[in-house]
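First the structure, in the form of structure tokens, and then the observations on it.
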Amino acid sequence: MKRLLLAGGGHSHVFVLDALARKPLVDVEVTLVSPFDRQVYSGMLPGWIAGHYEIEQCVIPLAPLAQRANARFVQAHVARLDLAARIAYTEASEPLPFDVISIATGPVMNLDAIPGLREHAIALRPIESLIQAWPRLFAQLAALAEAGEDAATLTVLGGGAGGVELALAIAHRMQTARVPARVQLVTGKPGLLPTLGEGVRRRIARLAPARGVRLIEDDAAEITRHTVLLADGGEIASDVTIAAIGAAAAEWPREAGLAVDERGFIAVDERLQSISHPFVFAAGDCASMVGHPRPKSGVYAVRAGPPLALNLLRHLAGKRPRRYRPQRVALYLISTGPQHAIASWDGLSAEGRWVWRWKDRIDRRFVARYAR
Ligand SMILES: Cc1cc2nc3c(=O)[nH]c(=O)nc-3n(C[C@H](O)[C@H](O)[C@H](O)COP(=O)(O)OP(=O)(O)OC[C@H]3O[C@@H](n4cnc5c(N)ncnc54)[C@H](O)[C@@H]3O)c2cc1C
């Protein structure tokens, strides 16, 4: 009996599990290990903050999905890999032996990237920590406003799509709940949405101030309890600082001896196989395809699901996995607070309530496919 270990409930693995549920494997024992019993669909998270969704609408429960796939579900973090013995260890040192391992554990946040971040900021990763923190924070700010206190200042750090959507969602939620607050977005020196086209950047630069989000194009150099110090020497007040500073690589794959790229992400070939250990597959934000670098983005993690499932099955059956090339251009649908969004595709952009409805349909359909 061969053993397949799926590490992480990431977007590619929900597809793999669904494929296994449709066509069960014979003679393969499948285990899923992931620290939370649900996978958050991050594309809907800003909509939850903005008040458009309940959290249950934005998550895929993992245990029932694993059960349908005839997989054992272990709720834990992988903390260490012994590649020679082919054993993964959880943080509680539970050994999880495997013949083939597939890793879709996503990114982590580097809490040491900015002095004071670890102590004074709410980190966006793991996303579950933000999901815990936000309702408490919102209730506190609402209570302070009720008590007639001054408006609080909330700062989001990070000018990528996640940071932009989050800042606009927070501003919208505060306005609709009539909780006075100042919201600011520290984009970093590269500015707003540096990997997207000029059109979408211009749209956000126009919309953000109109929606009550102050834009600051500078790097955060240090975070203290009530301030953010900027690289150019300024200091801005901040009662609550939320870090959305982008994807970093977990250390355990590199420490295990897996080949990684220059930023520490697992280096895979076009078959989604580790270039150093062919019995290791990886997809999504934790992986980096040699020769085809792509932005860390849910779109690519989702698209890697079908080729990953196919290649795991072929490898387990002793066949050569197939090549897969991620698409060069991806569609981004960026929500802007109210039920309005901006679409970005290869330098083109458009916006409106219709874009939100389009995004809402895509997002709901993705979750509904796996959340049963
Ligand atoms: C607010 C926000 C909005 C975003 N919106 C969009 C968007 O609209 N479109 C888009 O394309 N991208 C978006 N992104 C980016 C997107 O979230 C990521 O690119 C995407 O989540 C990567 O998917 P993944 O499956 O690789 O990892 P993840 O979604 O992070 O999934 C990783 C899984 O592995 C589990 N895990 C983590 N560590 C371990 C471990 N050590 N052992 C076992 N399991 C582990 C996690 O709990 C999780 O279940 C957004 C990000 C944020 C923060």
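Order of appearance sets the numbers: ligands from 1, and atoms from 1 within every ligand. Numbering starts at 1 and runs along the sequence shown.
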For [X] and [Y], indicate whether the former's side chain and the latter's backbone hold a donor-acceptor pair under 3.5 Å.
X: K296; Y: A287; result: yes
X: Q327; Y: V329; result: yes
X: D99; Y: K2; result: no

For ligand 1, is any non-hydrogen atom under 4.0 Å from L124's backbone (N, CA, C, O), its side chain (CB onward), both, or neither?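 Near ligand 1, L124 shows its side chain, while the N, CA, C and O stay back.
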Identity and distance of the protein heavy atom lying nearest [atom]:
atom: atom 44 (N) of ligand 1; answer: P35 CD, 3.1 Å
atom: atom 5 (N) of ligand 1; answer: E165 OE1, 3.5 Å
atom: atom 17 (O) of ligand 1; answer: S42 OG, 2.5 Å
atom: atom 10 (C) of ligand 1; answer: G298 N, 3.4 Å
atom: atom 2 (C) of ligand 1; answer: G162 CA, 3.8 Å
atom: atom 49 (O) of ligand 1; answer: Q39 OE1, 2.5 Å

In this structure, does ligand 1 have an atom that sits under 4.0 Å from one of the heavy atoms of [X]?
X: Y300; result: no
X: R125; result: yes
X: A161; result: no
X: P126; result: no

Taking the minimum heavy-atom distance to atom 41 (N) of ligand 1, which of V302, D37, V78, V108 ranks first?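 Answer by nearest heavy atom: V78.
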Considering D285, I242, V299, which one's heavy-atom position lies nearest to atom 18 (C) of ligand 1?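 Looking at heavy atoms only, the winner is D285.
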Which ligand 1 atoms does V33 reach within 4.0 Å, using its non-hydrogen atoms?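 So the atoms of ligand 1 that pass are 43 (C), 44 (N).
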Where ligand 1 meets W252 - atom numbers and elements under 4.0 angstrom, heavy-atom basis: 41 (N)
